[in-house]
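These notes concern the structure reproduced below.
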Amino acid sequence: MSYADKVFVEMCKDILENGTSTEGEKVRPVWEDGTSAYTMKKFGVVNRYDLSKEFPALTLRKTAIKTCVDELLWIWQKKSNNINELKGHIWDEWADETGSIGKAYGYQMGVKHQYKEGMMDQVDRVIYDLKNNPFSRRIMTNIYVHQDLHEMHLYPCAYSMTFNVTQKPGEEKLVLNAILNQRSNDVLAANNWNVCQYAVLVHMLAQVCDMQVGEFVHVIADAHIYDRHIPIIKELIEREQHPAPKFWINPEIKDFYDFTPDDIKLIDYVTGEQIKNIPIAV
C-alpha cells in the first residue's frame with residue numbers, strides 16, 4: 001500500500017489523540033460565517049519520503065497532480081504573484097482587484113540578489129549551485145522576508161527549501177535530497193498537496209541537474225486539523241488504501257523553465273472518492 005497513506009494516517013491519529021486544542025484561544029483564522037476556526041494541533045511534525053522508492057501521493061483520496069504542478073510552476077518558474085496566471089482558484093481569497101497577492105511567494109522567488117557570480121534570483125541560484133557546487137551546504141531558498149511581510153496578503157506557509165546532495169558508493173550519479181520547512185499546515189486541505197508539489201520539484205531539479213532523486217523531508221512547525229475538518233479526517237483515515245501510483249516525468253526536458261503541468265503524470269493512480277467543498281478558514 002502507499003507509504004504516503006501510512007504516514008498521513010499515523011500523523012492524523014497522532015494529532016487527534018495527542019494534539020492540543022486551540023478552542024477558546026485568540027486565533028486569527030475564521031470560517032466564512034465569521035466563527036473562529038479552532039484546531040487540534042501538533043508541534044514539530046517531521047515526515048520523510050524516499051522518492052526513489054515511490055511517489056508520495058495519497059490514495060485515500062485523489063490529489064490533483066496537474067493543478068499541484070501548475071501552482072508550483074506559478075511560484076518557482078513563472079515567479080508570479082498574480083492569480084490571473086494561475087489555473088486554479090486556491091488563492092482567490094487573498095488576491096486584490098488586480099489579481100495580486102502582494103510581495104508573496106512567486107514575487108520573492110523572482111527578486112534578484114547579488115552573489116560573487118553575479119545577479120541571480122533564488123531559483124537560478126539553486127540550479128547554479130546544484131550544477132556547479134553540488135556538495136555545498138548552502139543551497140536553499142527562503143521567502144519569509146520580514147521587510148516585505150506588511151505587503152504580503154498572506155504570510156508564506158511553505159517558506160523554505162534546503163537542498164542537500166549525497167553520493168551512493170559505486171554510483172556515478174549524485175542524489176538530490178531536500179527539506180521543505182513549513183510554519184503552518186492545514187492537514188486536510190493542504191498536506192498532501194504540498195508533499196506532492198515539492199516532491200515534483202525535487203524530481204524536476206534532479207532531472208535538469210543530471211541527478212537521482214533521494215529523500216524528501218517535510219518539517220511542519222504547526223500541523224493542524226480544523227474543528228470542522230475533524231469528522232472528515234476521521235472518515236478519510238479509515239478508507240481502503242491502494243498501491244502508490246507510478247510517477248512519470250517527461251525525460252526530454254533538460255531546462256527547468258521548459259516544464260509544464262503536462263510533463264508530469266501519475267500512472268495507475270487508484271484512489272478513494274474525492275472530498276468536495278472542504279470548508280476553508282481564512
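Quantities reported herein were computed from a predicted structural model and do not represent experimental measurements.
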Within-4.5 Å side-chain heavy-atom neighbours: [X] and [Y]:
X	Y	answer
D70	P261	yes
V270	T59	no
T271	L60	no
C157	Y155	no
I139	L130	yes
V165	N177	no
I65	K265	no
F247	I264	yes

| request: Test salt bridge (Lys or Arg N to Asp or Glu O under 4.0 Å) on K131 and D210 and set out the steps. | output: CA-CA 8 Å; K131 290 182 176 181; D210 195 27; over 6 Å; no

Connected via hydrophobic side-chain network under 4.5 Å: [X] and [Y]:
X	Y	result
V200	I179	no
L174	V208	yes
I15	L58	yes
M140	V202	no
M11	V217	no

| field | Residue pair L180, V219: steps toward the side chain to side chain contact (heavy atoms under 4.5 Å, CB included) verdict | value | CA-CA 6 Å; L180 170 65; V219 179; over 6 Å; no

Atom [atom1] of [X] with >12 non-hydrogen neighbours under 6.0 angstrom:
X	atom1	result
F135	CZ	yes
E172	CD	no
K62	NZ	no
E23	CD	no
E273	CD	no

| query | Do Y105 and W74 have ring centres separated by under 6.0 Å? | reply | no

| request: For the pair I101 and L154, evaluate side chain to side chain contact (heavy atoms under 4.5 Å, CB included) and give the outcome as yes or no after the intermediate values. | output: CA-CA 7 Å; I101 61 169; L154 175 69; over 6 Å; no

| query | Checking salt bridge (Lys or Arg N to Asp or Glu O under 4.0 Å) for the pair D129/R125: CA distance, chi angles, key distance, verdict? | reply | CA-CA 6 Å; D129 279 337; R125 179 73 212 197; 3.0 Å; yes

What are the two closest non-hydrogen atoms of [X] and [Y], and how far apart are they?
X	Y	value
I253	D255	CG2-O, 3.3 Å
I237	C12	CG2-CB, 3.9 Å
P156	I143	CG-O, 3.5 Å

[X] and [Y]: side chain donor to acceptor below 3.5 Å:
X	Y	answer
E85	S80	yes
Q197	E71	yes
D96	T98	yes
Y257	D124	yes
D186	N191	no

| Carboxylate-amine/guanidinium proximity below 4.0 Å for R239 and E235 | yes

| Can you say whether the rings of H218 and F216 are parallel (under 30°), tilted (30 to 60°) or perpendicular (over 60°)? | parallel

| said: Assess the residue pair D121 and V111 against the criterion (side chain to side chain contact (heavy atoms under 4.5 Å, CB included)); give the C-alpha distance rounded to whole Å, side-chain angles, the decisive distance to 0.1 Å, and a yes or no. | reply: CA-CA 5 Å; D121 63 39; V111 174; over 6 Å; no

Extract all donor-acceptor atom pairs below 3.5 Å that involve side chains of residues 27-35 and protein atoms in other chains or at least two apart in sequence.
{"unit_1": "W31", "atom_1": "NE1", "unit_2": "D227", "atom_2": "OD1", "d": "3.2"}
{"unit_1": "D33", "atom_1": "OD1", "unit_2": "T35", "atom_2": "N", "d": "2.9"}
{"unit_1": "D33", "atom_1": "OD1", "unit_2": "T35", "atom_2": "OG1", "d": "2.8"}
{"unit_1": "D33", "atom_1": "OD2", "unit_2": "T35", "atom_2": "OG1", "d": "3.4"}
{"unit_1": "D33", "atom_1": "OD2", "unit_2": "R228", "atom_2": "NH2", "d": "3.1"}

| field | Trace of the salt bridge (Lys or Arg N to Asp or Glu O under 4.0 Å) decision for K6 with E10 | value | CA-CA 6 Å; K6 178 178 181 291; E10 289 178 356; 3.2 Å; yes

| task | Among residues two or more places apart or on two chains, list those pairs meeting salt bridge (Lys or Arg N to Asp or Glu O under 4.0 Å) that have a residue in residues 38-53. | result | D14-K42, K41-D222, R48-E215

| task | For the pair K87 and T67, evaluate side chain to side chain contact (heavy atoms under 4.5 Å, CB included) and give the outcome as yes or no after the intermediate values. | result | CA-CA 7 Å; K87 292 179 182 176; T67 313; over 6 Å; no

| note | Across all chains, not counting sequence neighbours, the salt bridge (charged side-chain N to carboxylate O under 4.0 Å, His left out) partners of K13 are none

